[in-house]
Peer 1: 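Have a look at this one before I ask anything.
Within every chain, numbering begins at 1; the chains are lettered A, B, ... in the order of the sequence lines, protein sequences first and strands thereafter.
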Amino acid sequence: MRLLNHKSKNTNQRSATPLALPRVKALPRAFYNRDPRVVARALLGKVLVRRVGRAQLAGRIVEVEAYLGAGDAAAHSAAGRTARNFVLFGPPGHAYVYFIYGNHYCLNVSCLPQSEAGCILIRALEPIAGLKQMARNRGMRIAASDGLPSSRRLLTTGPGRLCQALGITRARHNGVDVTARKSELWIADDGFRPRRIAATTRIGITKSPEQPLRYVIVGNPYVS
DNA sequence: TTATAGATTGCCT
DNA sequence: GGCAATCTATAAT
């Protein structure tokens, strides 16, 4: 398996360096079996891979938010287990996909052991492979190959956008094991390590907005 | 049973 | 900057 590298003029450190990925590893279950704040930082720079038959869509994770297992009023798990959030209470390393505002899907990855409901919201990706398909999925006429960062940003910057670009839906991907390379959705480590990470407050929440639980790769142009 | 807010986005002025 | 789109969960009738 090989991720096609998209030739791009790099506007940021090394985040778009060629991916020599003859055999990247999937992150193991133990990676996710930790405090969401630790997992969130560690996920920055990893590669989200969406397999569609033989084709692959992939993007580097550049922005995430941590939602804590207990005592986090902003988390979906705050009121306990429901038909929507049950995945969060299962084992770590599984996709939690929910539908929001009647229009958009958002992708999270569960962390902490069984019965503890922490998770990480994936908020932005730097597109790596399958950009044309992403543009098609997003209904963008231009194939995002015009080299303009401004238009490419619209592919995968924002939690709703990246789900649409990768064709992620609740019906198909909620509960998927992201530690398995055979999954339609999994997360790879290609050895890239962010140079600098910053923590800020989370976006769009009203309940406990003061905690710095949003993490970004400093300077990456695909951060929202 | 009905109302309202929400981990968002795109299009309008 | 305002607001519509319109599913899901929860609070209020």
Peer 1: What integer distance in Å separates A:N174:CG from C:dT8:P?
Peer 2: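 Taking CG of A:N174 and P of C:dT8, I get 11 Å after rounding.
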Peer 1: Please determine if A:K46 and A:D190 form a salt bridge, counting it only when a charged side-chain N lies under 4.0 Å from a carboxylate O.
Peer 2: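 Looking at A:K46 and A:D190, the cut-off is not met.
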Peer 1: Between atom CZ in A:R202 and atom P in B:dT8, what is the gap in whole Å?
Peer 2: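 Taking atom P of B:dT8 as the reference, CZ of A:R202 is at 11 Å.
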Peer 1: When you check the phosphate oxygens OP1 and OP2 of C:dA9, does a side-chain N or O of A:H76 lie under 4.0 Å from one of them?
Peer 2: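 For C:dA9, OP1/OP2 do not have a side-chain N/O of A:H76 under 4.0 Å.
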Peer 1: Regarding A:D177 and A:R181, does a basic nitrogen lie under 4.0 Å from an acidic carboxylate oxygen?
Peer 2: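 Judged by the 4.0 Å cut-off on N to carboxylate O distance, A:D177 and A:R181 do not form a salt bridge.
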Peer 1: Can you tell me, in whole Å, how much space there is between the P of C:dC3 and that of B:dA5?
Peer 2: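 Those two atoms are separated by 15 Å.
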Peer 1: Could you tell me whether A:R41 and A:D35 make a salt bridge, using a distance below 4.0 angstrom between a side-chain N and a carboxylate O?
Peer 2: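 Looking at A:R41 and A:D35, the cut-off is not met.
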Peer 1: Does the side chain of A:T82 get closer than 4.0 angstrom to OP1 or OP2 of C:dT8 through an N or O atom?
Peer 2: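 No, because none of the side-chain N or O atoms of A:T82 sits under 4.0 Å from OP1 or OP2 of C:dT8.
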Peer 1: Round to the nearest Å and state the distance from A:Y67 atom OH to B:dG6 atom C1'.
Peer 2: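 To the nearest whole Å, that distance equals 11 Å.
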Peer 1: Once you round to the nearest 0.5 Å, how far does OH of A:Y32 lie from SG of A:C119?
Peer 2: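 If I round to the nearest 0.5 Å, the distance is 13.0 Å.
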Peer 1: With the criterion set at under 5.5 Å between ring centres and under 30 degrees between planes, would B:dA7 be stacked on A:Y98?
Peer 2: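 The base of B:dA7 is not stacked with A:Y98 (the test needs centres under 5.5 Å and planes under 30°).
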Peer 1: Using a heavy-atom cut-off of under 4.0 Å over every strand shown, decide if A:R84 touches base, sugar-phosphate, or nothing.
Peer 2: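 Since only primed, P, OP1 and OP2 atoms lie under 4.0 Å of A:R84, the category is sugar-phosphate.
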Peer 1: Identify all pairs in which a protein N or O lies below 3.5 Å from an N or O of nucleotides 2-7 of chain C, and state each distance.
Peer 2:
| unit_1 | atom_1 | unit_2 | atom_2 | d |
| --- | --- | --- | --- | --- |
| C:dA5 | N3 | A:N103 | ND2 | 2.4 |

Peer 1: Do A:Y67 and A:H76 have ring centroids that are under 6.0 Å from one another?
Peer 2: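 No, ring centres 6.0 Å or more apart.
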Peer 1: Would you write the dot-bracket representation of DNA chain B, where each base gets (, ), [, ], | or . depending on whether it forms a Watson-Crick or G-U pair under 3.5 Å and with which partner?
Peer 2: ||||||.|||||.
Peer 1: Once you round to the nearest 0.5 Å, how far does CG of A:N33 lie from CZ of A:F31?
Peer 2: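 Here the interatomic distance stands at 12.0 Å.
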Peer 1: Which residue, A:R60, A:M134, A:R153, forms the side-chain contact (heavy atoms from CB on, under 4.5 Å) with A:P127?
Peer 2: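 Exactly one candidate clears the test, A:M134.
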Peer 1: Measure the distance from CD1 on A:I203 to P on B:dG6 and round it to the nearest whole Å.
Peer 2: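 Computing the A:I203:CD1 to B:dG6:P distance gives 16 Å.
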Peer 1: I need the CG-C1' distance between A:D72 and B:dA7, as an integer number of Å.
Peer 2: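 Atom CG in A:D72 sits about 10 Å away from atom C1' in B:dA7.
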Peer 1: Identify whether the distance between the nearest side-chain nitrogen and carboxylate oxygen of A:E63 and A:R123 falls below 4.0 Å.
Peer 2: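 Salt bridge between A:E63 and A:R123, a charged N being under 4.0 Å from a carboxylate O: yes.
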Peer 1: Round to a whole Å and report the spacing from CD of A:E63 to P of B:dA7.
Peer 2: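 So the CD-P distance, A:E63 to B:dA7, works out to 16 Å.
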Peer 1: Can you tell me if A:R29 and A:T179 form a side-chain donor-acceptor pair at under 3.5 Å?
Peer 2: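 On atom types as modelled, these side chains qualify, holding a pair under 3.5 Å.
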Peer 1: Could you check how far CG of A:L155 sits from C1' of B:dT9, rounded to whole Å?
Peer 2: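 Distance, rounded to whole Å: 15 Å.
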Peer 1: Report the distance from atom CZ of A:R123 to atom C1' of B:dT8, rounded to the nearest whole Å.
Peer 2: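 Those two atoms, CZ and C1', are 9 Å apart.
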Peer 1: Nearest heavy atom decides the nucleotide; on that basis, is A:A74 or A:R138 closer to the 5' end of DNA chain B?
Peer 2: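 Its nucleotide being nearer the 5' end, the pick is A:A74.
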